[in-house]
Amino acid sequence: MSLLFSMIGMLSISGVMIWEIRYWALMISSFLSLKFLSLEIWGMVSTSWLYCDSMSGMLVILTLWISGLMMLASYYSIKFSMNKSLEFSLTILALSLLIIIFFLSVNIMMFYVFFEMSLLPTLMLIIGWGYQPERLQAGMYMMLYTVSMSLPLLVSLIMLSNIYLSYNMLLVINLNYLNFLYDVNMLWFFSLLMAFLVKLPMFTMHLWLPKAHVEAPIAGSMILAGVLLKLGGYGILRVMSMYFLNEVYYNKVFIVICMWGGLVTAIICVGQSDIKSLIAYSSVGHMGLMLAGAMSKFMWGWEGSMLMMISHGFCSSGLFCLANMMYEKAKSRSLFLYSGLINTNSVMCMWWFLFCIANMGAPPFINLISEIMLFCSMYMYSGYLIIIILMMVFVGGLYNLVMFTNMQHGSIMNFMNSNFNNTCSEYLLLFLHFWPMLGFILNVSYLNKIFMF
């Protein structure tokens, strides 16, 4: 509760150093959450409206961390180069507060309301601080895709809550353990999960994501890739745990769609010329793999899905920061205009290399552990999936290597000069994305404590 009240206080204050105060408040809240939302007390932080277990605790920390890095990434592009920096920081804090309440909600109606309310600040970020006139179309795509699937979710949650005579998630889970379970047919299954599948997004429902990423500012891309896609993954895991939806027979359909979609989006990434579109399509493939692991009904699949959400949040957000740094200097996102960057800025070449190998799931990053767990759960589910898995690993490494080699090697373009140097704040931003991915692999023993239901 003190965390929520401090966030509300940051929304209300104003002053000369308001940007810096809010940035440091978010970063300090991240470290305090690491201390007070530790493994020893997860599952014990509870009120009648809020509840923190291992899933929500990790995602709350991720939200605070990415929100602070959003303000650091936008320090020059928004505060000094554009107007309305106060409104920008207010939007970031409001979005962070809504997402945190969503992750901590124990009431099913609060769970739904804050899931939908998080769309509004995201739409304000895309429309208010986007780069191109097409940002209106991108915002419309996002709203149409997400809102159109939200009504079946609302109706299903109300009807199931009336059946269980409770709107409390914990009580519903306990009743299910007492065999108070009703038969779940196909209509219930799709009604409950469709809104989260769009937000994830699952392949065939992903067309809004590349448009939103391309038109969004750097802060919008970071929060989309780092946190908002995790709202869909968290909602799927939470709803499946509440109503035992992993006991029905429709999982194999989603697993096939997700694995095939991951392969198709990886092939699309190989032919992409826009850097932000390439990173956005790679997010679709990673989140599809996460959904397939959750649908596999194996504990390794569920734990790998949770770890994939955390690792993808840091890696994809860092890649978007790198792409934005290149855009601010070259005023273009086309891979065809970048070559020979290793000769003009070798330090950025190192950062590109680290984040590209993290994105392909190479050691020593936690992306490797998550992909190993997910691939093993897929192989345990069906041995035939090993063919798609091998193809996904090959093509996933291919598009990351293509992106890296196209940008860093080759002849130097004539317009590249010493202006491609970077500032200390940009290096700090990349380091704060990189260090959690590297350090987290030293403490992956938390996995046996993730799911307490």
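These figures come from a predicted structure and were not determined experimentally.
In this structure the side chain of L430 reaches within 4.5 angstrom of the side chain of F355, judged on heavy atoms. Taking 4.5 Å as the limit, some side-chain heavy atom of L64 sits within range of a side-chain heavy atom of V60. Using a 4.5 Å cut-off on side-chain heavy atoms (C-beta onward), L95 and M124 make no contact. Annotation: side chain of L160 is not in contact with side chain of I108 (no heavy-atom distance under 4.5 Å). Between L278 and V402 there is no side-chain heavy-atom pair separated by less than 4.5 Å. At least one side-chain heavy atom of L197 sits less than 4.5 Å from a side-chain heavy atom of F254. With contacts defined as side-chain heavy-atom distances shorter than 4.5 Å, the pair N367/N359 does not qualify. M309 places none of its side-chain heavy atoms less than 4.5 Å from the side chain of M58.
For M109, the CE atom is densely surrounded, since the number of other residues' heavy atoms within 6.0 Å is greater than 12. By the 6.0 Å contact criterion, OH on Y379 is open, its count of non-hydrogen atoms from other residues, nucleotides or ligands being 12 or less. M110 CE: more than 12 foreign heavy atoms inside a 6.0 Å radius. The local environment of CD1 in I387 is sparse, with at most 12 non-hydrogen atoms from other residues, nucleotides or ligands closer than 6.0 Å.
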Derivation of the side-chain contact (heavy atoms from CB on, under 4.5 Å) call for I389 and M259: CA-CA 8 Å; I389 290 172; M259 298 297 289; 3.6 Å; yes
Pair M325-L429, side-chain contact (heavy atoms from CB on, under 4.5 Å): steps then yes or no: CA-CA 11 Å; M325 292 175 192; L429 174 66; 4.0 Å; yes
Pair F314-L62, side-chain contact (heavy atoms from CB on, under 4.5 Å): steps then yes or no: CA-CA 8 Å; F314 291 116; L62 177 67; 3.7 Å; yes
Pair I255-Y381, side-chain contact (heavy atoms from CB on, under 4.5 Å): steps then yes or no: CA-CA 10 Å; I255 289 177; Y381 188 84; 3.6 Å; yes
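Separating the CH2 atom in W65 from the CD1 atom in I61 is a distance of 10.5 Å, to the nearest 0.5 Å. A distance of 7.0 Å separates CG of L154 from CG of L157, quoted to the nearest 0.5 Å. Distance check: I279 CD1 to Y399 OH gives 10.0 Å after rounding to the nearest 0.5 Å. How far CD1 of I100 is from OG of S118: 12.5 Å, rounded to the nearest 0.5 Å. Note that the CG atom of L98 and the CG atom of L120 stand 8.0 Å from one another [nearest 0.5 Å]. Summarising the geometry, atom CD1 belonging to I257 is positioned 7.5 Å from atom CE belonging to M205; distances are rounded to the nearest 0.5 Å.
Under a 3.5 Å cut-off, the side chain of W208 and the backbone N or O of T146 do not form any donor-acceptor pair. Between the side chain of S305 and the backbone N or O of A294, at least one donor-acceptor pair lies under 3.5 Å. For the pair K230 (side chain) and A225 (backbone), a donor-acceptor distance under 3.5 Å is present. Not one N or O on the side chain of S56 forms a donor-acceptor pair closer than 3.5 Å with the backbone of C52. A distance-only check finds a donor-acceptor pair linking the side chain of S166 to the backbone of N168 [under 3.5 Å]. Without hydrogens or angle criteria, S316 side chain to G313 main chain gives no donor-acceptor distance under 3.5 Å. Between the side chain of R135 and the backbone N or O of E215 there is no donor-acceptor pair closer than 3.5 Å.
Looking at every heavy atom in both residues, A280 comes nearest to L209 through O-CD2, 3.9 Å. Taking each heavy atom of S377 and W300 in turn, the nearest pair found is CB-C, 4.4 Å. When all heavy atoms of S277 and V214 are compared, the pair lying nearest together is OG-CG2, 3.2 Å. The two residues I158 and Y167 make their nearest non-hydrogen contact at CG2-OH, 4.1 Å. Taking all atoms of both residues into account, the shortest heavy-atom contact from C321 to M222 is SG-SD, 3.5 Å. The two residues L374 and G304 make their nearest non-hydrogen contact at CD2-C, 3.8 Å.
A side-chain donor-acceptor contact under 3.5 Å links S283 and H312. Judged purely by distance below 3.5 Å, without hydrogens or angles, the side chains of N324 and E328 pair a donor atom with an acceptor atom. Looking at K276 and S221, their side chains do bring a donor and an acceptor atom within 3.5 Å of each other. Using modelled atom types and a 3.5 Å distance limit, the side chains of T63 and S96 yield no donor-acceptor pair.
Taking the ring pair (Phe, Tyr, Trp, His ring centres under 6.0 Å) definition, one finds that F365 meets it with F434, sequence neighbours left out. Take V395 and apply the side-chain contact (heavy atoms from CB on, under 4.5 Å) test, not counting sequence neighbours, and it matches L263, A266, I267, V270.
In this structure, the ring of F88 has its center less than 6.0 angstrom from the ring center of W129. The six-membered or imidazole ring of Y234 lies away from that of F115, with a centre-to-centre distance of 6.0 Å or more.
Between Y281 and H206, the ring planes lie perpendicular to each other; the angle is over 60°, past the 30° to 60° tilted range.
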